[in-house]
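Let me begin by presenting the structure, written as structure tokens, before commenting on it.
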Amino acid sequence: MQISFLAIFEKVCEFFLQTDVICYFRTHTDTMNKTITILTLGLQITLTFIATFCIYIVFALFDSDFGIDGLFGLVIFQPIIAIILSSLTIFVCLVVGLPIRLYSKLNYWWTTNFYISFIGTIIGLTFLFLALLPTFRETVTYNLDGQPTLKQIPNSMLFISGWLITAFSLLHIYPPRQLTEKIKTIFKRITYPK
């Protein structure tokens, strides 16, 4: 016997129909929509922050020389830099993505074509992976104790592109419109019985 998520959701809503909870939701539907929007934004920001923080730390690990000073910098300074860069990236991506959130026709299109965010995330992560491959690495020269030293670093263009595409895509992942419309329909049918 298979029980779907929507069937369970419908049974739970029918139970609450007998209580005062549904009466509260009927009078506070607008407040509930705003709360759901804020919670979705919070989840998107959290997911993006965790992902960009982890990506930065992985790249810092690949760049570390693992001496005492390198380990100290990796443990103390790199997480601070990761927090700052992740926060700045999220802010920039939020500003660039404001039309998706504020313009209703674009929001409808974006949430209907929700798979674009997943494709963007895959493309961004692919760019990040390619930046680490030896074929695409860049060689830089820097002075270490007065001696010119060569060091290979990840491809900066692939890294920056992958970082921004991944962050933007993760920050604008929405649940499929079809699923949210189905849940709204069930909720309306249960809260406003005929």
Side-chain angles (χ1 to χ4, degrees), residues 37 39-103 105-177 179:
T37 302
L39 288 175
T40 302
L41 179 62
L43 185 64
Q44 291 168 333
I45 289 173
T46 303
L47 175 68
T48 305
F49 182 81
I50 291 170
T52 54
F53 182 86
C54 291
I55 289 168
Y56 182 86
I57 294 299
V58 166
F59 273 80
L61 280 171
F62 281 115
D63 190 46
S64 179
D65 293 330
F66 289 108
I68 296 295
D69 55 342
L71 186 62
F72 181 75
L74 186 66
V75 172
I76 303 297
F77 295 115
Q78 293 298 343
I80 293 170
I81 294 170
I83 289 170
I84 292 169
L85 283 179
S86 296
S87 300
L88 286 172
T89 302
I90 288 170
F91 176 75
V92 169
C93 289
L94 273 174
V95 169
V96 171
L98 269 179
I100 293 173
R101 297 183 188 282
L102 300 178
Y103 186 56
K105 288 182 181 180
L106 182 59
N107 183 283
Y108 180 82
W109 181 87
W110 188 267
T111 54
T112 302
N113 301 306
F114 63 94
Y115 53 86
I116 291 174
S117 293
F118 293 108
I119 292 170
T121 303
I122 291 169
I123 290 170
L125 292 174
T126 303
F127 282 2
L128 291 169
F129 176 74
L130 290 174
L132 292 173
L133 292 179
T135 309
F136 296 105
R137 287 184 160 244
E138 298 173 346
T139 304
V140 294
T141 304
Y142 68 98
N143 286 330
L144 180 66
D145 298 328
Q147 300 282 343
T149 306
L150 294 175
K151 183 173 183 174
Q152 285 197 335
I153 61 170
N155 186 302
S156 57
M157 289 307 294
L158 285 173
F159 173 74
I160 293 169
S161 301
W163 174 271
L164 291 174
I165 292 170
T166 302
F168 184 85
S169 298
L170 286 175
L171 194 58
H172 295 91
I173 285 181
Y174 288 92
R177 177 164 291 284
L179 178 65

Sequence neighbours excluded, every pair satisfying side-chain hydrogen bond (donor to acceptor under 3.5 Å, both in side chains) that has a member inside [range]:
| range | result |
| --- | --- |
| residues 130-141 | E138-S156 |
| residues 114-133 | W110-S117, N113-Y115 |
| residues 42-52 | Q44-R101, T52-S86 |

Between atom [atom1] of [X] and atom [atom2] of [Y], what is the distance when rounded to the nearest 0.5 Å?
| X | Y | atom1 | atom2 | value |
| --- | --- | --- | --- | --- |
| T40 | I45 | OG1 | CD1 | 11.0 Å |
| L125 | L170 | CG | CG | 7.0 Å |
| Y56 | I84 | OH | CD1 | 9.5 Å |
| L85 | Q78 | CG | CD | 9.5 Å |

Closest non-hydrogen atom pair between I116 and W109, with its separation: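 The pair with the smallest heavy-atom distance is CD1-CH2, 3.1 Å.
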Which atom pair, heavy atoms only, marks the closest approach of L171 to C93?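 Looking at all heavy atoms of both residues, the shortest contact is CD2-CB, 3.6 Å.
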Kindly say whether A167 contributes a backbone atom to a donor-acceptor pair with the side chain of S169 at under 3.5 angstrom?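 Pair absent, no side-chain N/O of S169 close to backbone of A167.
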Tell me, please, which residues at least two apart from [X] pass ring pair (Phe, Tyr, Trp, His ring centres under 6.0 Å).
| X | answer |
| --- | --- |
| F77 | F72 |
| F127 | none |
| F159 | F59, W163 |

If we check side-chain contact (heavy atoms from CB on, under 4.5 Å) with F91, which of these qualifies: V95, T89, L94, L88?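 With F91 as partner, V95, T89, L94, L88 yield a single side-chain contact (heavy atoms from CB on, under 4.5 Å), made by V95.
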Could you walk me through whether F114 and I173 pass side chain to side chain contact (heavy atoms under 4.5 Å, CB included), step by step? CA-CA 7 Å; F114 63 94; I173 285 181; over 6 Å; no
